[in-house]
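Throughout, a chain's letter reflects where its sequence line sits, starting with A, and its residues are numbered from 1. Worth knowing before you read on, the calculation uses all heavy atoms, side chains too, and leaves out hydrogens, waters and symmetry mates. Nothing here was measured: the structure is a model prediction, and the numbers come from that model.
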Protein chains: 2
Amino acid sequence: MAKSLADLRCSVARSLDVIGERWTMLVLRDAFNGMTRFEEFAESLPIARNILAARLKTLVDHGVLAREQYQDRPPRYEYRLTRKGADLYPVLIGLFNWGDAYLAGDDGPPLDLTHHKCESPEAHPESVVVCRGCGEHLTPRDVRRSA
Amino acid sequence: MAKSLADLRCSVARSLDVIGERWTMLVLRDAFNGMTRFEEFAESLPIARNILAARLKTLVDHGVLAREQYQDRPPRYEYRLTRKGADLYPVLIGLFNWGDAYLAGDDGPPLDLTHHKCESPEAHPESVVVCRGCGEHLTPRDVRRSA
DNA sequence: CAACTCCGTTGCGAATCGCAACGCACGAGG
DNA sequence: CCTCGTGCGTTGCGATTCGCAACGGAGTTG
């Protein structure tokens, strides 16, 4: 996997090379949800333990998660999001929004997230594309390649 | 692939079940970039032709791309983003931003996107998480599960 | 009629995944 | 001491998926 995607001179491809493997984004979803330990992830997802170990290792290798020892005898570690990992929040929320909008079952979106300081009934997180310069909301047609 | 991810009662998992396979987001990147034909995708990416055919088929099956005939004799088709597909823009830009920020090579980000109506030198698209109710910029700590 | 284009499909070896079992270090109970 | 339970992975093996290269077929051009 690593070789062919990473050297495509494309930031999207490089990102996917790190977080595009099966289960990886779901592990990160759990991490954003506060989980830190191997057994928590393993119970939350129907993922094989060897695959979970491999995913955690590549995320740690890439600096998305940090592996920190929280006890000796026996040594046990927890996995925490780094700044780099936390910066994937727009991607995660984007997937969340899209699934809610188009793939929800008959009984509506499975999970409800709320901005807890906001009074509005619509206080849900939403991933949107804006212009870093003027702040305007952007569609694909507002953007072009410039280099 | 389909079975285990789709029935996880999680919008993120359901989204990944549709667009989480290897190469899929890169095909969509090209589609956002204006490509529509099989041969264009095949030339743009180092993807095996059988895999490309399979990815296009699942994207069409899920309504992310629409397959439209653009000539008879021989029948030829083009693949266009639907509204559902276009709504993946925040995810794509999120991956793009993250790769630019953390995975760029020595010579900076490989590709530069610009909001062409904006005069600012910082007129680049950015995927951010905001509150649908109040519009405020949100971090993971501002959000909690409410259902 | 031979060459070329566009769009896939097929066959086969290689890589990856899923599942279940095992390993190991430690603490608790009997 | 012996066994059980927990936390955290690793190993083995069959099943799935992928990558590559070759083939096919329908039409167009020289």
Side-chain angles (χ1 to χ4, degrees), chain A residues 1-8 13 16-28 30-31 34-62 64-80, chain B residues 1-8 10 13 16-28 30-31 34-62 65-80:
Chain A
M1 169 102 175
K3 182 167 159 288
S4 50
L5 282 192
D7 46 356
L8 274 188
L16 290 171
D17 192 50
V18 175
I19 58 149
E21 287 180 302
R22 190 169 154 82
W23 299 113
T24 299
M25 278 306 294
L26 295 176
V27 172
L28 290 176
D30 284 350
M35 295 187 188
T36 62
R37 322 233 292 228
F38 188 93
E39 217 63 22
E40 287 181 291
F41 296 115
E43 280 167 32
S44 165
L45 297 168
I47 181 177
R49 302 175 71 82
N50 53 350
I51 304 300
L52 174 58
R55 293 296 176 274
L56 289 172
K57 180 174 185 332
T58 73
L59 287 173
V60 169
D61 287 349
H62 282 96
V64 175
L65 297 178
R67 183 172 184 261
E68 287 159 20
Q69 188 163 353
Y70 67 90
Q71 71 172 34
D72 306 338
R73 296 199 319 279
R76 288 292 179 265
Y77 302 90
E78 59 186 2
Y79 301 88
R80 300 199 166 279
Chain B
M1 169 106 179
K3 183 168 159 284
S4 50
L5 282 192
D7 46 358
L8 274 187
C10 165
L16 290 171
D17 192 51
V18 176
I19 58 150
E21 288 179 301
R22 191 168 153 84
W23 299 113
T24 298
M25 278 306 294
L26 295 177
V27 172
L28 291 177
D30 284 351
M35 295 186 189
T36 61
R37 321 231 296 228
F38 188 93
E39 218 62 24
E40 288 181 288
F41 295 115
E43 280 168 31
S44 164
L45 297 169
I47 181 178
R49 302 176 72 83
N50 53 350
I51 304 300
L52 174 58
R55 293 296 177 272
L56 289 172
K57 180 174 185 333
T58 73
L59 288 173
V60 169
D61 288 348
H62 282 96
L65 297 178
R67 183 173 183 260
E68 288 160 19
Q69 189 164 350
Y70 66 89
Q71 71 173 31
D72 306 338
R73 297 200 319 278
R76 289 290 179 265
Y77 302 90
E78 58 185 2
Y79 302 88
R80 300 200 166 279

Original post:
Has the side chain of A/Arg55 got a donor or acceptor atom that lies under 3.5 Å from a matching backbone atom of A/Arg22?
Top reply: yes
Subject >> A/Glu40 backbone acceptor or donor facing A/Glu43 side chain under 3.5 Å >> reply: no
Subject >> Close side-chain approach of B/Ile19 and B/Met25, heavy atoms under 4.5 Å >> reply: yes
Original post:
Tell me, do A/Phe41 and A/Leu56 make a side-chain contact under 4.5 Å, heavy atoms counted?
Top reply: yes
**OP:** Check whether any side-chain nitrogen or oxygen of A/Trp23 sits under 4.0 Å from OP1 or OP2 of C/dC17, and answer yes or no.
**Re:** no
Expressed as a whole number of angstroms, how long is the span from [X]:[atom1] to [N]:[atom2]?
| X | N | atom1 | atom2 | value |
| --- | --- | --- | --- | --- |
| B/Leu52 | D/dT17 | CG | P | 18 Å |
| A/Ile51 | D/dA15 | CD1 | P | 17 Å |
| B/Ile47 | D/dC18 | CD1 | C1' | 10 Å |
| A/Arg55 | D/dG9 | CZ | P | 15 Å |
| A/Leu45 | D/dG9 | CG | P | 15 Å |
| B/Arg22 | C/dT16 | CZ | C1' | 11 Å |
| B/Lys57 | D/dT17 | NZ | C1' | 17 Å |

Original post:
Is the shortest distance from a Lys or Arg side-chain nitrogen in B/Glu39 or B/Arg49 to a carboxylate oxygen in the other one below 4.0 Å?
Top reply: yes
Using atom names, set out every protein N or O paired with an N or O of nucleotides 4-7 of chain C below 3.5 Å, distance rounded to 0.1 Å.
residue: C/dC6; atom: O2; partner: B/Arg76; partner atom: NH2; Å: 2.3
residue: C/dC7; atom: OP1; partner: B/Tyr70; partner atom: OH; Å: 3.0
residue: C/dC7; atom: OP2; partner: B/Glu39; partner atom: N; Å: 3.1

**OP:** Please determine, for the side chain of A/Ala53, which listed nucleotide (C/dT9, C/dC17, D/dT10) has the closest atom?
**Re:** D/dT10
**OP:** From the options C/dG18, C/dC17, C/dT9, select the nucleotide whose nearest atom is closest to the side chain of A/Asn50.
**Re:** C/dG18
Original post:
So how far is it from A/Ile51 CD1 to A/Leu45 CG, rounded to the nearest 0.5 Å?
Top reply: 12.5 Å
